[in-house]
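Below: one structure, written as structure tokens.
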Amino acid sequence: MMKVHGNAFTVETMRVMAVLSEKDLEFEFIPINMEAGEHKEEHFLVLNPFGLVPVLEDGELKLFESRAITRYIAYKYADKCTTLVYEGKPMARLSAQMEVKVDQETMESKMQWELMPDSAADAAVIENTMAMVNMWIEVEAHHFDPVASKLQWELMFKPMFGMAADAAVVNENGAKLAKVLDVYEARLNQSKYLGCDIFTLADLHQLPALSNLMGTPAKTLFDARPKVSAWVADIMARPAWVKVLALRNQHRSRGSR
């Protein structure tokens, strides 16, 4: 059974739990107490020399960096439950070819139809869609996550620790997030989800930050954009994500951070 060493309150750990939940895979969760500095202790540094959660153990394989872990699971278990990655052989379009054959003994003629695969166009569609999904995965990492992380710290985590939010930082990153969401709104006018018309890692990677921000004043930025608002409601209602939130709440009730 796979093992996940992590902290259920970090977006990175939740990202990995989300992909495991979408794939309906069993795993052992090993909580790491970051407040106590457990992630900087020798036994954990053996797993990740950078001292960050999460770490996935799958047999002899040990992986860190949450997006690398999600891609590994998505590709290894591509055919199980939710697809999450857009790949595979083209679905051949069939064209019919008729051939008349004459039986030399009876001189009877027969029409024979042969279905010929024509997959060139489908291959191009799949390649283009794969490229789009991968591009939007990168958009989350390089455009959405940096500003979302700063807003989560200011609007969610600082109050939890009895600290006041920095209004200047909130305003600056709120403006940056608004620009990102404008791009999302335009994209979601063209496609049901960010990468394509099916739910993929491009959407899943955003779930932890989205869930956190929905409980802060930043929610208004999402609500102001109809397509973005509908997309957020859609992906946050996924049963696999609800399961992840339940696991996080379970650890909260145990006082594990």
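We count residues from 1, following the sequence as given.
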Can you tell me if [X] and [Y] form a side-chain donor-acceptor pair at under 3.5 Å?
X	Y	answer
Trp136	Thr200	no
Glu12	Ser66	no
Asn212	Gln152	yes
Tyr184	Glu140	no

Legend entry - Hydrophobic cluster membership, Leu204 vs Met130, 4.5 Å side-chain cutoff: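 Yes.
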Legend entry - Phe222 and Phe144 aromatic ring geometry - parallel, tilted or perpendicular at 30°/60° bounds: perpendicular
Inset, instruction - For His142, enumerate each residue passing the side-chain contact (heavy atoms from CB on, under 4.5 Å) test, keeping only those at least two apart in sequence or located in another chain. - result: Glu138
Legend entry - Test side-chain contact (heavy atoms from CB on, under 4.5 Å) applied to Met2 - qualifying residues, sequence neighbours left out: Leu20, Leu25, Phe27, Leu56, Asp58, Tyr77
Inset, instruction - For the pair Arg238 (side chain) and Asp234 (backbone), establish whether a donor and an acceptor sit closer than 3.5 Å, ignoring hydrogens and angles. - result: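 The answer is no, because no donor-acceptor pair under 3.5 Å joins these two groups.
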Inset, instruction - State, with a plain yes or no, whether a side-chain heavy atom of Trp231 is found less than 4.5 Å away from one of Asp203. - result: yes
Inset, instruction - Test Thr70 against every option in Glu22, Arg15, Glu65, His205 by the side-chain hydrogen bond (donor to acceptor under 3.5 Å, both in side chains) rule and name the one that passes. - result: His205
Inset, instruction - Heavy atoms only: give me the nearest Lys219-Met214 pair and the separation to one decimal. - result: CD-O, 3.2 Å
Legend entry - Centroid separation Phe29 to His251 less than 6.0 Å: yes
